[in-house]
Amino acid sequence: MARFVKAVALFTLLTVVMTWPQAPRLATAAHEHQDVFFNMWRFAWVAHAISTAPFHVLDGNIFYPEPRALTFSDAMPVEALLAAPLLWSGTPPVLVHNVMLLGGIVLSAAGIFMLALHLTGSQAAGVTAGIIFAFAPYRFEHYMHMELQWTIWIPWAFWALHRAFETGSRWYAGMLGAFVALQFMSSIYYGLFLATLLALCALLLLCGMIKQRLKSGLSALVIAAVTAVVLAAPYALPYAATKHRVGARSEQEVLRYSARPWNYLDATDTNYLYGERATTRGRSERRLFPGILPLLLALSGLLLLRPSNEAIVYLVGLVAAFEMSLGFYGYTFSFLYHDVPIFDGLRAPARLGIFVVFFLAILAAYGHAALEAAISPRARFVLLVCISAVLLLEYWVAPLRLVPFPNKPPQLYAWLARQPRGVVAEFPMPAPDTLPGVEPRYAYMSTFHWMPLVNGYSGYYPPSYLARLGPMNKIPNSSAVEALVRAGVRYVIVHPDLFDAGRRDDVLADISSSSQFIELGQFHDGLGAAVVFRLR
């Protein structure tokens, strides 16, 4: 425990340095991306639902009147439950968001530190693994994606796997299943990827066992699988129902987010050393460069030491994760997409890049331990400092690009919270081919009044919402009014400054002159002036 606490302290300090100036702006600013609004909406909705209607926690107030609105994307129940007490205590939403985001990075690093320490016996090797896992370019490519930073349970699942096989203990087998379930409930993508790769690695480890321990190893896997299914099933079943309605991801969409081998040469455009090259290469979600030094360290471990069975398993895991990340450009993910129904709901195989980083970090830890064993004890601290410094330089992106986000409701939404309850529609709405538009901001602003909202933003969009967008974009003609009436809308909020210049004045004038709308007032919406109407 003491080593884990020290690792948390060390990686907290390094995270502050590597994400500067996030620390002094924890309560006010975050990455300039619409998913930050979405993250804060999810946290706020879960906290609100638990305290008001806990049996309807998945029935978010967006996409009204759709049920289970939270299941159109990753609900992040683990992160949301941890964030809820902070929100109930009045902690600013932006501060809660950033603490949870950076906490995911810190605890992921501390977890792999403990795994690498267990495998190599070296704390310094654990630090190396932690730096790689916490600050590789993949992290900054997804800095706005809360659930993709929560890799906390991946190293602990592998740690529990090793302990279960080493001891034959049912306790560790149960822990293994619990960690897999927790990862699934922290990030559905990572939960499915972890279960797949963990099963492969477990089978390989079983192959290296002596016959006397094979039975206990198989028993441990059965216990782990049952535990994971029992814990994750209540969360997975509502998603299965939603997926039945919205269908699978299209092959074209999956192909778009499938990695190509050369994407592992592309860093983020903010990377200090390699960013200039990345501006002309790599695309969103496919900047997967793990760094040069981690590769050299991994090779050192494989060449300088006689690789253990565990090291070979992690090497095979790395190759498997790399091949799966190629999506439809490879074989494994294509097979899973077409033959294992749950995988056809995943659109971004390139997100397996974090597992490539994970396996590489462990192999690099073996390399660090091999170099450490070849030098005198006095030189080992110098080795750690040098390796850490080079890794941090390779991954350096500071200063991060941050923008302010609101913690308090603008005048419009504070006023709306005092009005009789009714369904809200905010305009402009995006066309189906221009999603998401301003929808993520609308969703977050609804946390200040909690009225049902026909707008919405998520990973999937329900058919009813998409069908409304066409008519709604013609507001205030009869088809738009009919769509509003069918949705049960009471309040229509128009943000003139968010419309294209050619429609700005005309839309407001047309709605104001329509007999279907009664103007209730003009208010500041945090960006400019907005006008609220009530639908007759």
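Along the sequence shown, the residues carry numbers beginning at 1. As the structure is a prediction and not an experimental result, all values here were calculated from the model.
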Exercise. Of Tyr461, Tyr465, Phe63, Tyr444, which is the lone residue that meets side-chain contact (heavy atoms from CB on, under 4.5 Å) with Glu439?
Worked result: Tyr465

Exercise. Any side-chain heavy-atom pair from Trp41 and Asn61 closer than 4.5 angstrom?
Worked result: yes

Exercise. Can you check whether Tyr491 and His449 have ring centres sitting under 6.0 Å from each other?
Worked result: no

For this session: Can you see which heavy atom on Met100 is nearest to which on Leu82, and at what distance?
Result: CE-CB, 3.8 Å

Problem set entry | Stepwise side-chain hydrogen bond (donor to acceptor under 3.5 Å, both in side chains) check, Tyr329 with Ser334 | CA-CA 8 Å; Tyr329 297 114; Ser334 180; over 6 Å; no

Problem set entry | Arg249 NZ/CZ over Tyr257 ring centroid, <6.0 Å and within 45° of normal | no

Exercise. Taking atom CD1 of Ile354 and atom OH of Tyr189, what is their separation to the nearest 0.5 Å?
Worked result: 15.0 Å

Problem set entry | Validation row, ring centre Trp156 to ring centre Trp159 under 6.0 Å | yes

Problem set entry | Identified ring-ring contact (aromatic ring centres under 6.0 Å, His included) counterpart of Phe358 within the set Trp153, Phe193, Phe322, Phe158 | Phe158

Exercise. Would you say the ring centroid of Phe37 lies under 6.0 angstrom from that of His97?
Worked result: no

Problem set entry | Exercise: identify the closest heavy-atom pair between Asn455 and Val424 | OD1-O, 4.1 Å

Problem set entry | Inter-residue atom distance Met175.CE - Ile223.CD1, 0.5 Å rounding | 13.5 Å

Exercise. Do the side chains of Glu32 and Arg401 get nearer than 4.5 Å, heavy atoms only?
Worked result: no

Exercise. Is the closest side-chain donor-acceptor distance between Ser186 and Glu147 under 3.5 Å?
Worked result: no

Exercise. What is the distance from atom NE2 of His145 to atom CG of Asn39, rounded to the nearest 0.5 Å?
Worked result: 8.0 Å

For this session: Quick one: list whatever passes side-chain hydrogen bond (donor to acceptor under 3.5 Å, both in side chains) with Thr71, sequence neighbours left out.
Result: Thr242

Exercise. Taking everything shown except Ile342 itself, do over 12 heavy atoms lie less than 6.0 Å from its CD1?
Worked result: no

For this session: Flag yes if more than 12 heavy atoms outside Asp339 fall under 6.0 Å of its CG atom; otherwise flag no.
Result: yes

Problem set entry | Ring center gap for Phe328 and Tyr337 short of 6.0 angstrom | yes

Exercise. Just wondering, are more than 12 heavy atoms of other shown residues or ligands nearer than 6.0 Å to CH2 in Trp88?
Worked result: yes

Problem set entry | Side-chain H-bond candidate by donor/acceptor type, Thr151 with Arg139, under 3.5 Å | yes

Problem set entry | Contact summary for Pro476 and Val481, nearest pair of heavy atoms | O-CG2, 3.7 Å

Seminar exercise, completed: What one should report as the nearest heavy-atom pair of Thr15 and Phe11 is OG1-O, 2.6 Å

Seminar exercise, completed: Correct closest heavy-atom pair for Leu469 and Ala431 would be CD1-C, 4.3 Å

Problem set entry | Under 3.5 Å side-chain donor-acceptor pair for Glu323 and Thr332 | yes

For this session: For this output row, return yes or no: ring centroids of His142 and Tyr138 closer than 6.0 angstrom.
Result: yes

For this session: Calculate, to the nearest 0.5 Å, the distance between atoms CD and CD belonging to Glu251 and Glu253 respectively.
Result: 11.5 Å

For this session: Verify the distance criterion only: is there a donor paired with an acceptor across the side chains of Gln34 and Arg441 at less than 3.5 Å?
Result: no

For this session: Report the C-alpha separation of Leu101 and Tyr143 in whole Å, then their side-chain angles, then the decisive distance to 0.1 Å, and conclude whether the side chain to side chain contact (heavy atoms under 4.5 Å, CB included) test is met.
Result: CA-CA 8 Å; Leu101 182 80; Tyr143 193 67; 3.7 Å; yes

For this session: Go through the steps to decide whether Arg245 and Glu66 satisfy the test salt bridge (charged side-chain N to carboxylate O under 4.0 Å, His left out), and finish with yes or no.
Result: CA-CA 11 Å; Arg245 290 192 57 226; Glu66 286 286 337; 2.7 Å; yes

Seminar exercise, completed: Here the gap from Phe427 atom CZ to Leu498 atom CG, rounded to the nearest 0.5 Å, amounts to 13.0 Å

Seminar exercise, completed: Scanning both residues in full, the closest heavy-atom pair of Phe72 with Val246 reads CE2-CG1, 3.7 Å

Exercise. About how many Å separate OH of Tyr442 and CG of Leu453, when rounded to the nearest 0.5 Å?
Worked result: 9.5 Å

Exercise. How are the rings of Phe355 and Tyr190 set relative to one another: parallel (under 30°), tilted (30 to 60°) or perpendicular (over 60°)?
Worked result: perpendicular

Exercise. Lys243 and Asp344: salt bridge (charged side-chain N to carboxylate O under 4.0 Å, His left out), yes or no, with the steps?
Worked result: CA-CA 10 Å; Lys243 181 178 173 294; Asp344 63 8; 2.7 Å; yes

